[in-house]
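Model, not experiment: these values are computed from the prediction.
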Amino acid sequence: RGALRPQLGRGRCLKFRAKPWRPVGPHSMALHSGTCRPCGPTDLAFRPNPPNNIADIVSTLRTTYDSGTTRPLAWRKQQLEALVRMMEDNEAAFSAALKADLGKPDVEGFITDIAFVTSEVKAMIKNLKKWNKPQRVPTPIVAMPAKSQLIPEPLGVVLVIAPWNYPIQLLLVPAAGAIAAGNAVVMKPSEVSAATSEVLARLVPKYLDQKAITLVEGGVPETTALLAEHFDHIFYTGNGTVGRIVMAAAANNLTPVTLELGGKSPVIIDESANVRVTARRIAWGKWLNAGQTCVAPDYILVNEKVRQPFLDELGKAITDFFGADPQTSESYGRIVSPRHFDRLKSLMNGGKVVIGGETNAESRYVAPTVLADVDMNSALMNEEIFGPLLPVISITSTKQAIDFITARPHPLALYVFAENKSVVNEVLAKTTAGGMTVNGTLMHLTSPHLPFGGIGESGMGGYHGKSGVRLFQHMKPVLSRG
């Protein structure tokens, strides 16, 4: 629509998102005539892959993989380099799509989606030969004379199912790992982030080998049809409810899965913490992407001695980052859909608003909001918030915080702020989480040397960097006797 059309290419009106043909907003779409009222004629209606074609798509990729096309390192490098070109050539189109779907500021979208992907893929290109080299291992004396090695080999045809909150990063980073490992790949972007899905669907076949790498658009019917096919690995990022469906479907073919889920990621603030630095780092991690981040701080456990100074500094940080009225800030995003907006507004009933609380249904705006006097039995404290609401709970000791966290399912991330090293060590030793950052938020997932993933209810399997390649390989043990 309008100025966005040349960047986003031919496709659906950007006021429509979520499931195919379902409008969001006050106007409707005359689908069969290709006209959006009141936006006018469209170039091309959204046509996801029919479920009955998906078997053919997977069959084509299986034939390509069986032919050996994806195994040579030269082919893998060629595809990864093409992926980097796709990101660099189309930065404006990706930025516009992210803004249409999530209201993402250009800088935020560039850092968290576009540059993140480019950095990960360039690291894979640089280390491709080293990471795919057979590894020599010791041979026991009873097998002598012989030599032993582990040979990395691809799994086959891989399915990657991505969510809507970081729709480029969470699709292309695992897909790149699967390509670097030598697999054929089916990518399934989220239908909720419709504008980004459309850009990816247009560009992927233009840059990558269509016989080995494909993208399937659509909603529940298309995803269901994909899950009915036999894959050699399924990588899913999303919520636990759908994660269970994915795992059950994979079990029919004994297909291994990686589940990147979520949960309620807690923050512990000790009385020894630098309160100003703590507040600013939490504000950044919480309200990035309007709180729609799987590892965003979900709730705060703050020592009662520093509770009020922390709240004061948190309010200042919000003003510093987003101005006196975040609704007018170019640095603050929007909630992805009316359904999620309504859910978040309902969650506010679980506590007393002490900062923020303003909403605007028409623009799907929810202000950075801090809540106190939290009802522990409310949905606010029993569901993953996945939005800009931040409950704050007072504690009197580190033990109380640890007991609170360990009584609940393992989170995807856990954060502790403390200058007292013994407090940090106690939290590290007595809690379990998918990953942790000490005196910061989110940063552990930026390192290609640290696998990112969950444990228990928050997921299984980890990726990024070398781990993101090895995830899609079988380390074949070989003993060769003389």
- request: Among Val220, Leu227, Leu226, find the residue that satisfies the side-chain contact (heavy atoms from CB on, under 4.5 Å) test when tested with Thr224.
  value: Val220
- request: Measure from the side-chain N and O atoms of Asp232 to the backbone N and O of Val158, and report whether any donor-acceptor pair falls under 3.5 Å.
  value: no
- request: Please name all residues satisfying ring pair (Phe, Tyr, Trp, His ring centres under 6.0 Å) with Trp287, sequence neighbours left out, ordered by chain then number.
  value: none
- prompt: Of the non-hydrogen atoms in Met124 and Leu80, which two are nearest, and what is the gap between them?
  reply: CB-CD1, 4.2 Å
Donor-acceptor pair between Gln78 and Asp209 side chains, under 3.5 angstrom: no
Criterion side chain to side chain contact (heavy atoms under 4.5 Å, CB included) on Arg364 and Val336, from CA distance to verdict: CA-CA 7 Å; Arg364 305 188 312 281; Val336 71; 5.8 Å; no
message: Suppose we screen for ring pair (Phe, Tyr, Trp, His ring centres under 6.0 Å). Which residues come up paired with Phe386, at least two apart in sequence or across chains?
response: Trp164
- prompt: If we only count heavy atoms from C-beta on, is the Thr237 to Tyr166 side-chain gap below 4.5 Å?
  reply: no
message: Check this for me: Arg244, atom CZ, are more than 12 non-hydrogen atoms of other residues, nucleotides or ligands nearer than 6.0 Å?
response: no
task: Please confirm whether the backbone N or O of Ile385 pairs with a side-chain atom of Arg343, one donor and one acceptor, at under 3.5 Å?
output: yes
- request: Go through the structure and list residues passing side-chain contact (heavy atoms from CB on, under 4.5 Å) with Pro266, not counting sequence neighbours.
  value: Tyr299, Ile405, Pro411, Leu414
message: Using side-chain heavy atoms (C-beta onward) and a distance below 4.5 Å, is Val186 in contact with Phe231?
response: yes
field: Sidechain-backbone polar pair: Asn183 side chain, Val185 backbone, donor-acceptor under 3.5 Å
entry: no
query: Considering residues at least two apart in sequence or located in another chain, which fulfil the ring pair (Phe, Tyr, Trp, His ring centres under 6.0 Å) criterion with Tyr463?
result: Phe235
message: Suppose we screen for side-chain contact (heavy atoms from CB on, under 4.5 Å). Which residues come up paired with Met475, at least two apart in sequence or across chains?
response: Gln135, Leu150, Pro152, Arg470
Residues in side chain to side chain donor-acceptor pair (under 3.5 Å) contact with Lys345, at least two apart in sequence or another chain: none
query: Measuring from Gln473:CD to Asn132:CG, what's the distance to the nearest 0.5 Å?
result: 5.0 Å
message: Going by the rule salt bridge (Lys or Arg N to Asp or Glu O under 4.0 Å), which residues pair with Glu362 if we only count those two or more places apart in sequence or in a different chain?
response: none
- prompt: Can you tell me how far CG of Leu98 sits from CG of Asp113, rounded to the nearest 0.5 angstrom?
  reply: 5.0 Å
statement: For His444, the ring pair (Phe, Tyr, Trp, His ring centres under 6.0 Å) test, sequence neighbours excluded, returns none
- request: If a pair satisfies ring-ring contact (aromatic ring centres under 6.0 Å, His included) and one of its residues is in residues 103-128, list it, with sequence neighbours excluded.
  value: Phe116-His464
message: Just verifying a value: how many Å separate Lys264 NZ and Asn382 CG, rounded to the nearest 0.5 Å?
response: 7.0 Å
query: For Asp89, which residues count as a salt bridge (Lys or Arg N to Asp or Glu O under 4.0 Å) partner, sequence neighbours excluded?
result: none
field: Test item: Ser59 side-chain N/O and Ala55 main-chain N/O as donor-acceptor pair under 3.5 Å
entry: no
query: Which residues pass the side-chain contact (heavy atoms from CB on, under 4.5 Å) test with Lys129, sequence neighbours left out?
result: Leu73
- prompt: Rounded to the nearest 0.5 Å, how far apart are OG of Ser119 and CD1 of Ile114?
  reply: 13.5 Å
- request: Applying side chain to side chain donor-acceptor pair (under 3.5 Å), name anything that partners Asp342, two or more places apart in sequence or on another chain.
  value: none
